[in-house]
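Numbered from 1 within each chain, the chains take letters A, B, ... in sequence-line order. What you see is a predicted model, and the numbers here were worked out from it, not measured in a lab.
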Number of protein chains: 2
Amino acid sequence: MDARFPPSNTESPWLPFESRRRARDEKREAVLRAAVQLFLEQGYHRATLNDVAKRLNITKPALYNYFRGKDEILFECWSIGHELVDECIAETSAGAGSGLDKLRKLTVRYAELMTTDYGKSLVRFDLRDLSEHNRKTVQTAKRRIDRAFRDYIASGIADGSVKPCDPKLAAFAIAGSLNWIGHWFQPGGELTGRAVAEEFAIRLTDGIAKTTTRTTSTRKAAVPAAAKADKPPRKGNVGNASREDGSEHHTRTAAGAAGQSKRARGRLR
Amino acid sequence: MDARFPPSNTESPWLPFESRRRARDEKREAVLRAAVQLFLEQGYHRATLNDVAKRLNITKPALYNYFRGKDEILFECWSIGHELVDECIAETSAGAGSGLDKLRKLTVRYAELMTTDYGKSLVRFDLRDLSEHNRKTVQTAKRRIDRAFRDYIASGIADGSVKPCDPKLAAFAIAGSLNWIGHWFQPGGELTGRAVAEEFAIRLTDGIAKTTTRTTSTRKAAVPAAAKADKPPRKGNVGNASREDGSEHHTRTAAGAAGQSKRARGRLR
DNA sequence: ACTATTTATTACCCATGGGTAATATACGGG
DNA sequence: CCCGTATATTACCCATGGGTAATAAATAGT
């Protein structure tokens, strides 16, 4: 397993009907973990909120203490995935190297992300299931991701590390291939996420690299070991989910687990 | 536009409530055209049979004269796409050339197919919406498609036209990129399907080609002008839809438009 | 302990949409 | 001209599942 993508803690904080009392955010995230798993396993429309609740040893209405509706749960799953991508891009952009180097770094990171649940939610969920407002948020974010790929390619062409090509189409080709990982990769298979990621990074960038990198150049440098603090604190409230109104009741747990992002609260009261 | 993928005849054979009377198969196909469009536009679950019917100037129960249920319509949409893919593979395999040549030919054809409605249905629809039986059919067919890519790559390695690599992962990379076309391509955009196909064919195979093919080698040979008879007759009853039982009432139109494949009939009576 | 607040439960509502039954309208052949 | 068949239509049924109301159990603060 990888340190950057923690093993997703598959157990429910709700013990079958006993001493319950744990941090709210922890429960919220447990709901999301159960939801993303079910949505991936069964598909968003086949997975019911009863299913989600059952997997957590609670009942459906309890979910509404944390979320306003099914589509918001979907959005928040997507949103976590998006934050992870954004970290990949930020790390890559912060580092040094040619355009090609950065393209490769991003490719490795992105590929590996696609082997995780929240990564998959970026490409397996249907935007049309979201509310108008959230859909726009997602679309904007997706464009930003696409931009990162294109920018690296373009800068690679500029600095001579990448063959001249249409950055738009090249980005589509690479990102498409990576996105597809989210459709076929199964954690239990013969390939590990890491292996797939590294292979794809080479395979996909070799076609446009000016110097064919046969032996691995991006091997050990893949995980920079930085930005790997224990709990990667989600920065800011990216894609906040407050549906229409900006009302954000912070009624409780003002200091809820130091640096834990304050995501949109469930149900207004 | 392309000759191999006819302009999909978007009009309904049901005039708003008037002189109706046309061949049954024509109507069946009109249903599928309307359905695939709606399923792609709105997604399978959001598109209702009422929507499909309305677009054809009929009402929902009329659809049940041609199909046994919504999931069968979905399957048949998929099935048409699959037949088109199979033709691509058959044509490619029949032709001559190195493994790389064949890989490129298939890539071009497949890419272009991904810009059409029935092509998209291969990658945009969720297998889990199908009946158990149909799902297995589709899964088998998908494996066959994957096999074609792998085989071409493997034979390319064997004949020296392709660099040594893992055929499985290379096929995933290429096919993934192509499949993704079905998610982003919009017919009205700046790129034509043909342009995308040719660009992708080069971009995707360059990485594993032993001789970097800068200038186009697969340009005009893309459309072999053969196998382009007026109405491409669907061969055989691939993936026949008779749900569980093998009962296939051929009660009528024994000679229904010469060579028109006899697909599964709607509703048994 | 008592009370306010949070968080869960049980029991319900009801819109949606796939599917069906009964029936009407057209066509085609004798 | 009438009847059988194919093909529509109208009017339903009803399972599903998201969402809500009323209420009960747990917790924290004083």
Practice problem: Give every residue pair that meets the salt bridge (charged side-chain N to carboxylate O under 4.0 Å, His left out) criterion with at least one member in residues 176-191 of chain B, sequence neighbours excluded. | Solution: A:K168-B:E190
Practice problem: Can you tell me the distance, in whole Å, between the CG atom of A:D129 and the P atom of D:dG18? | Solution: 11 Å
Quiz item: How close or far is atom C1' of C:dG17 from atom NE2 of A:H45, stated in whole angstroms?
Solution: 13 Å
Quiz item: Tell me: CZ of A:R46 to C1' of D:dA15, nearest whole Å?
Solution: 17 Å
Exercise. Check DNA chain C for consecutive Watson-Crick or G-U pairs with both distances under 3.5 Å and list the runs of at least three as stems.
Key: C:1-30 with D:1-30
Quiz item: Taking only side-chain nitrogens and oxygens of A:T59, does any of them come within less than 4.0 Å of OP1 or OP2 of C:dA8?
Solution: no
Self-check item: Those residues that, when tested against A:R128, pass side chain to side chain contact (heavy atoms under 4.5 Å, CB included) (two or more places apart)
Solution: A:D126, B:R46, B:R124
Quiz prompt | Residue list, side chain to side chain contact (heavy atoms under 4.5 Å, CB included) with B:A197, at least two apart or on another chain | solution = B:V108, B:A111, B:E112
Quiz item: Would one find a side-chain N or O of A:Y64 under 4.0 angstrom from OP1 or OP2 of C:dT6?
Solution: no
Quiz item: To the nearest Å, how far apart are A:L56 CG and C:dA8 P?
Solution: 10 Å
Exercise. May I have the distance from B:I73 (atom CD1) to C:dG19 (atom P), rounded to whole angstrom?
Key: 9 Å
Show me the side-chain donor-acceptor pairs of residues 175-183 of chain B shorter than 3.5 Å, one per line, residues at least two apart or across chains.
{"from": "B:S177", "atom 1": "OG", "to": "A:A173", "atom 2": "O", "distance (Å)": "2.7"}
{"from": "B:N179", "atom 1": "OD1", "to": "B:Y110", "atom 2": "OH", "distance (Å)": "2.6"}
{"from": "B:N179", "atom 1": "ND2", "to": "B:A175", "atom 2": "O", "distance (Å)": "3.2"}

Quiz item: How many Å lie between CG on B:N65 and P on D:dA6, as a whole number?
Solution: 10 Å
Self-check item: Check: B:L40 and B:V36 side chains under 4.5 Å, non-hydrogen atoms
Solution: yes
Exercise. Among the candidates C:dG18, C:dT20, D:dT20, find the nucleotide nearest to the side-chain atoms of B:P61.
Key: C:dT20
Quiz item: Considering residues at least two apart in sequence or located in another chain, which fulfil the ring-ring contact (aromatic ring centres under 6.0 Å, His included) criterion with A:F185?
Solution: none
Self-check item: Candidates C:dT10, D:dG19, D:dT9 - which lies nearest the side chain of A:L49
Solution: D:dG19
Exercise. Output yes when at least one side-chain N/O atom of A:Y44 is less than 4.0 Å from OP1 or OP2 of D:dG17, else no.
Key: no
Exercise. Assess whether one donor atom and one acceptor atom, taken from the side chain of A:K60 and the base of D:dG19, lie less than 3.5 Å apart.
Key: yes
Exercise. Using a heavy-atom cut-off of under 4.0 Å over every strand shown, decide if A:T48 touches base, sugar-phosphate, or nothing.
Key: sugar-phosphate
Exercise. Could you tell me whether the side chain of B:Y64 reaches within less than 4.5 Å of the side chain of B:L49, counting heavy atoms only?
Key: yes
Practice problem: Report the distance from atom CD1 of B:I58 to atom P of D:dA6, rounded to the nearest whole Å. | Solution: 18 Å
Quiz item: Between A:K27 (NZ) and D:dA26 (P), how many Å, whole number?
Solution: 13 Å
Exercise. Would you indicate, yes or no, if D:dT7 has its OP1 or OP2 atom less than 4.0 angstrom from a side-chain nitrogen or oxygen of B:R24?
Key: yes
Quiz item: How would you label the contact of A:A47 with the nucleic acid (heavy atoms, under 4.0 Å): base, sugar-phosphate, or nothing?
Solution: sugar-phosphate
